[in-house]
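Please read these numbers as outputs of a predicted model, since none were measured by experiment.
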Amino acid sequence: MGSKGTLALATVFLLVVLVVLGIHPALAESSFLIDVDSLDMNRLKDTDYIGQVLSSNNAGIRIRKYISNSNELAAPVRLTLVQMDTQTLIFDKYYDYKSGTFDSGDIYLPFGGNQTIPFLVTLYVGDWVYALPFIHLPPRLEQNSACTYGVRMRDFNAALTQDWLMGTMLEIDSLRSQGSITIPLCASNNYLVGQATVTVTGDTLRVDLAFLSNANVEVASCQVFCIRDVGSLTTADPRRIGEPAYGVGQSIDISGADTVLLYVPMTLNFD
């Protein structure tokens with residue numbers, strides 16, 4: 001078999017592997033499309049508009065702009081991309097004269113870890129200049145642990161877990177007189193993603209959750225435990241904890257309890 005035949009066979013094999021794995025070649029790396037003609041140029045300093053239209057966690061960006069319907073009206077096109085927090089020129093390309101609809105192709109962005117990074121995209125079309133802000137968001141985090149802020153479960157007993165998850169000690173009488181308290185929700189031992197509201201009415205306790213809108217949280221799993229005797233715990237694994245598990249918004253009987261450990265292990269997807 002010649003080299004061309006070998007290459008073709010290898011290409012077919014690669015495509016088969018990608019399909020089996022559920023990865024479509026055209027979608028393996030997606031870029032965020034900025035269609036200049038669709039933008040409201042009067043709102044490019046509006047943070048809400050930028051957050052809705054000019055922000056993305058995609059690996060790259062593409063710039064598109066209609067120029068003309070005639071080769072005789074072709075215009076020189078140049079595109080630059082500057083990382084604004086460091087004033088670093090990331091991309092600078094001259095595309096020669098273009099007509100029809102200009103498409104920059106995929107421009108992949110430098111990896112920013114868990115940081116939000118501002119960019120300035122500048123498109124030069126003949127004598128016209130389009131300066132566009134773009135916010136590169138951190139990648140979406142999948143299947144990450146979360147809980148209420150408090151004492152690490154391993155600090156009660158190192159044998160419970162090696163994980164960072166926390167529980168919150170509640171004084172029932174104090175909480176009953178207050179009516180309710182709010183507790184921050186921590187995710188991945190690094191992020192604040194919302195808050196839990198704990199309400200006590202008589203001998204019942206209820207937990208409600210509210211997440212930050214810009215975190216785009218999806219709850220994969222969540223259980224609520226009210227543990228009266230922390231010393232009796234042998235594990236912090238919610239699947240084996242041996243305590244009654246409740247749901248968010250469900251009434252929990254706390255009659256006769258002076259203190260309880262609120263333990264709300266969650267699995268979240270979020271930005």
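- We find the CD1-CE distance between Ile227 and Met153 to be 5.0 Å, quoted to the nearest 0.5 Å.
- Less than 6.0 angstrom separates the ring centroid of Phe270 from the ring centroid of Tyr191.
- In this structure, Asp127 places its CG atom where only 12 or fewer heavy-atom neighbours from other residues, nucleotides or ligands lie under 6.0 Å away.
- Side-chain contact check for Thr197 and Asp208: no donor-acceptor pair (N or O, by modelled atom type) lies under 3.5 Å.
- A donor-acceptor pair under 3.5 Å links the side-chain atoms of Tyr49 to the main chain of Asp40, judged by distance alone.
- Dense packing is recorded around CZ of Arg154, with more than 12 heavy atoms of other residues, nucleotides or ligands lying under 6.0 Å away.
- Proximity of a side-chain donor or acceptor of Ser99 to a complementary backbone N or O of Ala74 within less than 3.5 Å is not detected.
- Taking 4.0 Å as the cut-off between side-chain N and carboxylate O, Arg152 and Asp155 do not count as a salt-bridged pair.
- Using the six-membered ring where Trp is involved, Trp128 and Tyr130 have ring planes that are parallel, under 30° apart on the 30 and 60° scheme.
- Not a single donor-acceptor pair under 3.5 Å links the side chain of Tyr263 to the backbone N or O of Pro238.
- Partners of Ser255 under the side-chain hydrogen bond (donor to acceptor under 3.5 Å, both in side chains) rule, at least two apart in sequence or in another chain, are Asp253.
- In this structure, Thr116 and Pro138 approach most closely via the heavy-atom pair OG1-CD, 3.3 Å.
- Atom-to-atom distance recorded for Asn144:CG and Met266:CE is 12.0 Å, nearest 0.5 angstrom.
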*Taking it one step at a time, do Phe102 and Tyr95 satisfy ring pair (Phe, Tyr, Trp, His ring centres under 6.0 Å)?*
CA-CA 9 Å; Phe102 165 74; Tyr95 288 85; 4.7 Å; yes

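- Enclosure of atom CG in Asn71 is not indicated, since only 12 or fewer non-hydrogen atoms of other residues, nucleotides or ligands lie within 6.0 angstrom.
- Every salt bridge (Lys or Arg N to Asp or Glu O under 4.0 Å) that Asp92 has, sequence neighbours left out, goes to Arg78.
- A heavy-atom distance below 4.5 Å is not found between the side chains of Ile172 and Asp258.
- Linking ILVMFWY side-chain heavy atoms closer than 4.5 Å, directly or via other members, places Ile34 and Tyr124 in two distinct hydrophobic clusters.
- One finds the CG atom of Leu268 at 10.0 Å from the CG atom of Leu141 (value rounded to the nearest 0.5 Å).
- In this structure a side-chain-to-backbone donor-acceptor pair under 3.5 Å is missing from Ser55 to Gln52.
- Not counting sequence neighbours, the partners of Asp103 by the salt bridge (Lys or Arg N to Asp or Glu O under 4.0 Å) test are Arg62.
- Contact between Leu192 and Leu212 at its shortest, heavy atoms only, is O-CD1, 3.3 Å.
- Side-chain contact between Val198 and Ile183: present, with at least one pair of heavy atoms (C-beta onward) separated by less than 4.5 Å.
- Using a 4.5 Å heavy-atom threshold, the side chains of Leu209 and Val217 count as separate.
- How far CZ of Phe119 is from CD1 of Ile117: 5.0 Å, rounded to the nearest 0.5 Å.
- Leu175 and Val264 fall within a single hydrophobic cluster, where Ile, Leu, Val, Met, Phe, Trp and Tyr are joined by side-chain heavy atoms under 4.5 Å apart, directly or via other members.
- Grouping the Ile, Leu, Val, Met, Phe, Trp and Tyr side chains by contacts below 4.5 angstrom, directly or via other members, places Val151 with Phe225.
- Taking the side chain as every heavy atom from C-beta outward, Tyr108 and Ile90 never approach each other to under 4.5 Å.
- Cluster membership check: Val82 does not share its hydrophobic cluster with Phe32, using side-chain heavy-atom separations under 4.5 Å among Ile, Leu, Val, Met, Phe, Trp and Tyr.
- Atom OG1 of residue Thr161 and atom CG of residue Asp237 lie 8.0 Å apart, to the nearest 0.5 angstrom.
- Looking only at distances, a side-chain donor or acceptor of Thr168 sits under 3.5 Å from a matching main-chain atom of Tyr149.
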*asked:* Let's go through Thr122 and Val129 carefully: what are the C-alpha distance in whole Å and the side-chain angles of both, what is the deciding distance for side chain to side chain contact (heavy atoms under 4.5 Å, CB included) to 0.1 Å, and is it a yes or a no?
replied: CA-CA 7 Å; Thr122 307; Val129 179; 3.7 Å; yes

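- A side-chain donor from one of Asp85 and Gln83 sits under 3.5 Å from a side-chain acceptor of the other.
- Closest approach of Gln195 and Thr182 over heavy atoms only: NE2-CG2, 3.8 Å.
- Asn58 and Ser56 share a donor-acceptor pair across their side chains, judged by distance under 3.5 Å alone.
- Side chains of Thr204 and Ser251: a donor-acceptor N/O pair is absent below 3.5 angstrom, by distance only.
- Tracing side-chain contacts under 4.5 Å through hydrophobic residues (I, L, V, M, F, W, Y), one never reaches Leu73 starting from Tyr66; they form parts of separate clusters.
- No donor-acceptor distance shorter than 3.5 angstrom exists from the side chain of Asp37 to the backbone of Lys65, with no hydrogens or angles considered.
- Of the possible donor and acceptor atoms, one in the side chain of Ser70 sits under 3.5 Å from a partner among the backbone N and O of Glu72.
- Note that CG of Leu185 and SG of Cys147 are 8.0 Å apart. Values are rounded to the nearest 0.5 Å.
- Scanning both residues, Arg206 and Gly249, for their nearest heavy atoms gives CD-O, 3.2 Å.
- Heavy atoms only, all atoms of each residue included: Val219 and Cys222 are closest at CG1-CB, 3.9 Å.
- Taking the charged nitrogens against the carboxylate oxygens, Asp203 and Arg176 do have a contact shorter than 4.0 Å, which makes a salt bridge.
- Although no hydrogens or angles enter the test, the distance criterion places a donor-acceptor pair under 3.5 Å between the side chain of Gln250 and the main chain of Gly247.
- Looking at every heavy atom in both residues, Pro76 comes nearest to Tyr97 through CD-CE2, 3.4 Å.
- Counting heavy atoms of neighbouring residues, nucleotides and ligands inside a 6.0 Å radius, atom CD of Gln87 exceeds 12 of them.
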